[in-house]
Amino acid sequence: MSEPLLKVENLKVHFPLDREFLSLKKRYVYAVDDISFSVNEGETLGIVGESGCGKTTAGLSVLNLVKPTGGQLFFRNQDITDISKLPKEEALKLRKEMQIIFQDPYSSLNPRASLKTILDVPMKIHNMGSAKERSEKIEYLLEKVGLRLEHASRYPHEFSGGQRQRIGIARALSLNPSLIIGDEPVSALDVSIQAQIINLLLDLQEEFNLAYIIIAHDLAVVEHVADRIAVMYLGKIVEQADYKDIYTSPLHPYTQALLSAIPIPDPHMKRNRILLKGDVPSPIDPPKGCSFNTRCPKKKDVCEQVEPVLKKAGDGHYVSCHFA
Amino acid sequence: MNKTILKIKNQPNLIIGGIITAVVIFMAIAAPLLAPYHPVDDADLMVSEEPPGSTYLMGTDEQGRDILSRVIYGSRISLSIGIVTQVMNTIIGIILGLSAGYFGKWWDDLVMGLTNIMLSIPSMIFALAIMALIGPGLINVFFALGITNWSYTCRITRSQVLFTRSLDYVKAAKALGYGDIRIMFTQILPNILGPILVIGTLGVASAILLEASLSFLGLGTQPPTPSWGGMLATARNQMFTAPWISIFPGLAIFITVLGLNLFGDGLRDILDPHSVGKIK
């Protein structure tokens with residue numbers, strides 16, 4: 001197999017908390033704590049987990065929008081752990097390769113910029129063609145995402161949520177990236193529009209051979225798009241596998257609980273819901289041993305003492321649980 | 001668009017303040033056409049200290065100059081000082097506040113420290129100190145007031161930047177390869193102009209008051225150039241024998257400042273989404 005497009009090794013993002021007055025100990029929020037994954041060209045990795053598990057932070061730090069505390073990032077074998085340290089031209093080139101689509105279509109577009117400006121300026125920054133070529137490209141992009149050229153002079157508040165999300169996608173596409181990170185790209189939209197956006201993303205992936213990292217809290221959404229899925233809990237990846245394996249033979253108790261929460265469209269089918277008790281522990285003081293031990297239905301003594309490592313459980317299937 | 005008109009209609013402050021401000025601006029621009037006499041050259045000691053009447057609508061001063069004409073010409077000094085110095089303050093405040101909020105770290109601490117020092121010194125004292133240092137005169141007033149009142153703009157700008165820079169479109173701009181300067185001036189600044197504009201309008205009013213005070217103390221505009229503060233200063237001796245010499249320039253200051261403050265308040269009410277209570 002060829003080299004992966006993006007390789008993330010032992011990524012850590014710790015946010016320092018304000019030090020308490022007269023206290024010497026510095027405390028951190030362990031938002032992302034030692035995760036590794038890779039994405040191949042044209043492939044989709046889904047990252048799922050409940051809110052606060054660090055999945056968004058992981059996505060943002062891949063783009064260097066949040067500075068990693070530790071670990072390394074490689075894009076086509078080039079170290080991109082700190083883009084700001086690279087020469088300016090190199091950094092610009094990398095920026096061009098990786099783009100992001102945000103969750104909230106209402107805060108992801110500058111309200112004071114017209115659609116044309118939103119799409120044109122990034123291409124200008126990257127010296128992509130003459131004014132005429134750029135405006136042809138804008139027309140092409142708009143058509144791709146189902147908008148019309150006469151929309152170009154309008155401002156974001158004149159569009160609906162679904163349209164805005166499509167503008168966000170057009171903006172991400174404008175630089176011809178090879179990797180797009182979708183940070184809950186559909187969770188703020190109506191269900192009918194969710195399907196529309198997901199289909200659009202899939203079509204575009206096929207056409208441009210895009211790699212996606214789709215971050216979501218909803219396994220049902222990821223099921224449609226992802227080739228591989230990583231399940232995160234409290235800043236760590238607890239299970240990673242092909243999407244089929246995750247759905248047919250989940251090994252980690254947390255993944256099993258998540259899957260049991262997906263509604264089944266058959267009222268007669270008996271569902272085996274695994275209900276987790278309690279809340280996610282604070283990422284400031286993660287529990288000792290396995291981070292899931294406070295809520296795990298299969299908990300034994302060893303879970304409180306020893307932190308499980310991510311081990312191989314099958315072809316491309318990794319899980320971090322003592323009993324899997 | 002209709003919504004904006006409706007909002008403006010519901011703001012008597014904005015309308016009244018706007019009209020007053022517009023009249024003062026018109027007065028300053030059209031002074032030579034409006035003033036019945038020349039403010040300096042038409043001095044006639046034969047008619048000094050005339051009370052208001054049909055020949056001299058606001059009376060004459062101790063040198064027999066028409067007070068109405070001097071008040072009209074005085075608006076030029078007051079307005080130009082108010083506007084020019086506030087533009088200077090706004091530029092200083094925006095640059096410092098924007099960079100402090102955006103870059104943070106030691107630069108933020110430094111700028112905020114400086115701002116707090118500026119806020120703790122009364123602006124009158126600070127302006128007086130600069131005037132004492134560089135000497136009296138109109139040009140020096142511009143300079144002194146232009147670097148006195150930026151602290152409010154700076155604070156407001158910084159706090160708005162802190163909120164705005166965490167929004168997704170700023171992150172997106174960064175991911176798209178926008179440089180820091182471009183992000184600050186095209187992504188952040190256009191979205192925080194509202195509060196800066198309000199502070200600016202109110203700042204013009206306080207600059208006019210400061211200039212009047214400096215001129216009253218003899219450090220600002222020098223005679224015979226007509227300025228409202230300077231007119232008040234020379235009229236002090238005749239306060240009881242010829243009160244009109246001081247009343248009219250005083251009234252001019254009062255009305256102009258009131259107009260600008262009403263205008264600023266009204267602007268804040270329509271630009272601030274949190275204060276829509278009055279609109280039905």
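A note on names: the letters A, B, ... follow the listed sequences, proteins ahead of strands, and every chain is numbered from 1.
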Atom CG of A:Leu60 and atom NZ of A:Lys55: how far apart are they, to the nearest 0.5 Å?
-> 11.5 Å
Between A:Tyr28 and A:Tyr30, what is the ring plane arrangement, given parallel below 30°, perpendicular above 60°, and tilted in between?
-> tilted
Would you mind checking which part of B:Thr186 comes under 4.5 Å of any heavy atom in chain A, side chain (CB onward), backbone (N, CA, C, O), both or neither?
-> backbone
Check: A:Lys85/A:Asn64 side-chain N/O donor and acceptor closer than 3.5 Å = no
Name the region of A:Leu109, side chain, backbone, both or neither, that has any atom closer than 4.5 Å to a heavy atom of chain B.
-> backbone
What pair of heavy atoms forms the shortest contact from A:Leu86 to A:Glu90, and how long is it?
-> CB-CB, 4.2 Å
Cut-off 4.5 Å, heavy atoms of chain B, and the answer for A:Leu94 is neither
